[in-house]
Amino acid sequence: MIRPDRFLADLHHLRSFGASGVGRGVVRPAYSDPDVAARRWLADRMREAGLQVQVDAMGNLFGLAAGPSLLMGSHSDSQPEGGWLDGALGVIAALEIARSCAESGGPPVSVVSFQDEEGRFGVTTGSAVWSGHLSQAGADALTDHAGTPLASARAAMADMVTGPVDPAQFAGFIEMHIEQGPALDAAGEQIGVVTDIVGIRDMKITFDGRQNHAGTTPMHLRQDAFQAVSAFNTRLNDRLRNVVTPRSVWTIGHITLHPNASSIVPGRAVFSMQWRDAEKERLARMEEIIRDVAEETAAGMGVQVSFGQMLGLEPVAMNATLRRALEGAAEQIAPGAWRLMPSGALHDATNVSRLMPVAMLFVPSIGGISHAFDEDTREADLVAGLRVLDHAVRHAAGRNPQ
Ligand code: HGY
Ligand code: MN
Ligand code: MN
């Protein structure tokens with residue numbers, strides 16, 4: 001039997017690693033001290049549950065049931081400012097399901113917490129490497145915004161590494177997560193069964209202008225890198241309008257200006273350009289527009305533009321059999337209060353779908369807030385999600401995942 005009290009206690013305990021003090025937020029980026037401490041604590045909980053702990057070179061943490069099993073989990077790293085449930089919910093729910101199945105003779109369930117899902121270095125980096133989408137050498141060469149290479153960051157977990165984990169032992173993967181958007185909360189529903197996950201593209205763009213004096217340089221003689229970003233953004237919003245749908249999104253979320261001083265015309269701007277859509281062709285069309293607009297803007301403003309490496313994941317559909325198991329369980333636990341829905345957030349399930357059948361379950365995010373300290377979900381909804389997982393695993397998914 002699942003124990004909601006134990007599940008909630010563990011979820012709150014995980015939040016203590018990197019607790020921000022603001023709301024229920026956490027600061028637990030991949031390979032930071034709180035992240036590694038949380039993984040050590042999780043490894044102990046896995047051992048207590050009778051699972052065999054394995055950690056691969058990336059720092060993906062597995063708790064393995066003996067023999068073939070269903071894999072469940074998510075990630076325990078956070079955004080630089082993150083909520084307490086993003087990723088953590090899926091890991092702790094998986095732990096509770098694995099533990100209760102082991103206690104009561106249920107189907108064998110293994111648990112995973114993938115590393116760097118939040119992309120301090122890449123995009124869902126740990127599961128990207130585990131699935132073969134990205135090589136270890138390719139990942140090692142990635143750097144965070146401070147210039148630290150992943151190769152040196154992952155040394156923080158070197159003493160925990162046991163070796164590679166063979167995906168062939170898993171019949172399928174189920175990831176529970178908070179929705180991170182407004183749909184379920186606005187509709188007063190408890191459960192979302194995911195149909196598909198959007199695709200993403202992410203790259204750095206740099207404008208190089210001319211650093212100069214902010215008092216003496218006439219406006220018409222400036223090659224101001226920030227003005228170039230500003231003009232680029234305005235033009236881009238206009239130009240994308242003809243190709244996007246309501247599900248298409250694009251974001252400039254990180255920018256550095258050099259030298260970042262009030263009295264200096266900035267000579268360089270480096271910023272992140274990320275876009276997401278449910279269709280691969282539209283992602284490509286958006287890329288063309290982004291590159292064209294950046295080049296036109298640079299030419300018009302007398303600055304140079306350069307594009308960094310483009311990272312990405314394709315849109316993926318969930319496995320029909322596993323999805324049906326979740327749908328059946330949702331109708332049992334939350335009759336009339338669940339829906340089928342797409343995911344606009346990225347998840348490790350995208351990468352894992354290269355290896356095995358995958359499915360995902362959502363619970364509501366209050367006010368649709370996530371990637372923010374005040375992200376939260378009602379306790380009754382957290383527990384309803386756990387019950388749906390439990391029902392699905394015991395009645396269908398754990399017995400016949402293919
Ligand atoms: O950005 C995402 O969608 C995910 O939370 N990493
Ligand atoms: Mn997440
Ligand atoms: Mn996230």
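Throughout, numbering of the chain's residues begins at 1 and tracks the sequence. Ligands are counted one by one from 1 in listed order, and the atoms in each one are counted from 1 as well. Values in this document were obtained by computation on a predicted structure and should not be read as measured data.
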Any nitrogen or oxygen of H371, main chain or side chain, under 3.5 Å from a nitrogen or oxygen of ligand 1? yes
Would H177 count as a contact for the Mn ion (ligand 2), in the sense that one of its N, O or S atoms lies under 2.8 Å from it? yes
Check the angle between the aromatic planes of H13 and W41 and answer parallel, tilted or perpendicular using the 30° and 60° thresholds. parallel
Kindly confirm whether the Mn ion (ligand 2) is within less than 2.8 Å of some N/O/S atom in E117? no
At a non-hydrogen distance cut-off of under 4.0 Å, which region of R276 contacts ligand 1 (side chain, backbone, both, or neither)? side chain
Looking at A345, which atoms of ligand 1 are within less than 4.0 Å of one of its heavy atoms? 3 (O)
For the residue pair R15 and W84, would you count it as a cation-pi contact if the rule is NZ or CZ under 6.0 angstrom from the ring centre and within 45 degrees of the ring axis? no
When you measure from the centre of the six-membered ring of F373, is the NZ or CZ of R24 closer than 6.0 Å and no more than 45° off the axis? no
Quick one: does ligand 1 sit under 4.0 Å from the side chain of H347, the backbone, both or neither, non-hydrogen atoms only? neither
Taking just the N, O or S atoms of E118, which one is nearest to the Mn ion (ligand 3)? OE2
Separation between CE of M360 and NE2 of H177, rounded to the nearest 0.5 Å: 6.0 Å
What is the name of the N/O/S atom of D86 that is nearest to the Mn ion (ligand 3)? OD2
N/O/S from H75 sitting under 2.8 Å away from the Mn ion (ligand 3): no
Contact check: E117 vs ligand 1, nitrogen or oxygen atoms, below 3.5 angstrom: yes
Hey, can you tell me if F232 and F271 have their rings parallel, tilted or perpendicular (30° and 60° cut-offs)? tilted
When you check the gap from the basic side-chain N to the acidic O, do R6 and E96 get nearer than 4.0 Å? yes
Any Lys/Arg nitrogen of R201 or E314 sitting under 4.0 Å from an Asp/Glu carboxylate oxygen of the other? yes
